[in-house]
Amino acid sequence: MNTLAEAPGAAKHTAESVAEAVLRFVAELRPDDAPAPQELLRRRAVREGSPLAIESSVWRAKGWRWIRFTRISGDGATDIVNFGMFPEPASPFPVLQLESLVLRGRLFLAIHDVNDLADGGSGLEPSPRRALSNNPLFPRCEDRAPWTDAVFSKEVFWTRPQDPGALAALPARTEDFLEAARTWRRGGRRQEFDPERRRARIGALAAAMIENEPSRNYLAAQFGPEWSERFIRGFLFPDFLHTA
């Protein structure tokens, strides 16, 4: 169990390990940097005497329209990682979303979601829920706010860990999710797909995320409301994701 003195260093180490796993996964795609407003990729602030930084990267790759990564870090006890992958409508790939929130040195929330935009539940093998369901440190939370139904799939693994050991276990958890994603990326789906229907569903997903983005108030408080709204609409969910 982490002591309070150990927690800040543990938070940073965990976030760095998660970030490294995600970036290795992205590198396997041989991506190109995607054009994005530079002012949205870096921003720094000082809150209550402590520095806070948000740093982002974005890429494109074959079959993938928008691959983005963001990390918010500061006093060592706060570290937030957000990762999203949005496919081209004509590709068979799913939407992938991953987020971890470490606050005050404790893993407060972890989200792992894969959405293949299919009717009647996931058409992916292995089942996303099955790929992540065997670790008692990460109990699946069924009691979520109603807005999450519009922005995550039915397979989303949303957990609010209570065991302090979850922080140290998060990097391995991330690797499990990304290893399953490698299988999905290689074509582990059971269903055919309609590109136009996928285009509409990606658009609806992005529009719902803009409307309900849960980090909006936090970002506005830390980095300013005007910049934060541009970040949400220009980086997290740019226009081409939710317009035809």
Side-chain angles (χ1 to χ4, degrees), residues 1-23 25 47-48 50 52-54 69-84 95-115 121-122 124 126-181 208-209 212-222 236:
M1 179 180 297
N2 292 326
T3 67
L4 290 177
E6 293 169 335
K12 181 178 180 181
H13 175 75
T14 293
E16 288 177 347
S17 297
V18 169
E20 288 169 2
V22 168
L23 295 177
F25 178 80
R47 293 292 179 267
E48 299 180 355
S50 296
L52 191 68
I54 181 169
F69 174 83
T70 296
R71 182 178 174 191
I72 300 174
S73 57
D75 58 6
T78 298
D79 228 304
I80 301 170
V81 171
N82 180 280
F83 175 57
V95 174
L96 297 176
Q97 296 190 80
L98 176 157
E99 184 158 11
S100 61
L101 279 72
V102 177
L103 305 174
R104 298 182 294 278
R106 183 177 74 85
L107 180 59
F108 180 74
L109 176 68
I111 301 170
H112 299 85
D113 189 36
V114 54
N115 187 343
S122 175
L124 298 167
S127 161
R129 188 176 300 188
R130 190 170 70 247
L132 292 172
S133 62
N134 295 324
N135 193 325
L137 292 174
F138 300 94
R140 191 170 188 266
C141 179
E142 303 289 353
D143 184 19
R144 305 191 312 273
W147 64 263
T148 62
D149 292 339
V151 300
F152 296 111
S153 75
K154 293 179 180 179
E155 298 280 354
V156 63
F157 216 102
W158 176 297
T159 182
R160 295 185 182 276
Q162 300 300 310
D163 191 318
L167 181 66
L170 183 62
R173 177 78 164 180
T174 302
E175 293 282 11
D176 288 344
F177 177 73
L178 295 175
E179 186 56 37
M209 285 297 282
N212 297 287
E213 174 53 47
S215 69
R216 180 176 270 110
N217 290 341
Y218 173 82
L219 291 170
Q222 304 302 323
L236 293 182

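Minimum heavy-atom separation, Pro139 to Pro136: CD-O, 3.6 Å. Summarising the geometry of Val114 relative to Ser153, their closest heavy-atom pair is O-OG, 3.1 Å, with the distance given to 0.1 Å. Considering all non-hydrogen atoms of both residues, Leu96 and Ala181 come closest at CD1-CB, 3.9 Å. When all heavy atoms are compared, the tightest approach of Ala11 to Leu167 is N-CD2, 4.1 Å. Residues Ala166 and Phe138 share a closest heavy-atom pair of O-CZ, 3.5 Å.
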Take Asp149 and Arg144 through the test side chain to side chain contact (heavy atoms under 4.5 Å, CB included) and record every step on the way to the result. CA-CA 9 Å; Asp149 292 339; Arg144 305 191 312 273; 3.7 Å; yes
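For the pair Gln162 (side chain) and Arg160 (backbone), a donor-acceptor distance under 3.5 Å is present.
Separating the CG atom in Leu103 from the OH atom in Tyr218 is a distance of 7.0 Å, to the nearest 0.5 Å. To the nearest 0.5 Å, the span separating CZ on Arg173 from CG on Leu178 amounts to 12.0 Å. In this structure, Asn135 CG and Asp176 CG are separated by 8.0 Å, a value rounded to the nearest 0.5 Å. Remark: Ile111 CD1 to Gln97 CD distance equals 8.0 Å, nearest 0.5 Å. Atom CD1 in Ile72 sits 9.5 Å away from atom OG1 in Thr78 (nearest 0.5 Å). With rounding to the nearest 0.5 angstrom, the CZ atom of Phe157 is 10.5 Å from the SG atom of Cys141.
Using a 30° and 60° split on the angle between ring planes, Trp147 and Phe152 fall in the tilted class, from 30° to 60°.
Taking 4.0 Å as the cut-off between side-chain N and carboxylate O, Arg71 and Asp79 count as a salt-bridged pair.
The shortest distance between side-chain heavy atoms of Asp113 and Trp158 does not fall below 4.5 Å. Side chains of Thr174 and Phe25 form no contact here, defined as non-hydrogen atoms less than 4.5 Å apart. Under the 4.5 Å side-chain criterion, counting only non-hydrogen atoms from C-beta, His112 is not in contact with Thr159. Considering only heavy atoms from C-beta on, Val102 stays 4.5 Å or farther from Lys12 through its side chain. In this structure, Leu107 and Thr14 have side chains that are not in contact, with every pair of non-hydrogen atoms separated by 4.5 Å or more. Considering only heavy atoms from C-beta on, Leu236 stays 4.5 Å or farther from Met209 through its side chain. By the 4.5 Å heavy-atom criterion applied to side chains, Leu137 and Pro161 are not counted as neighbours.
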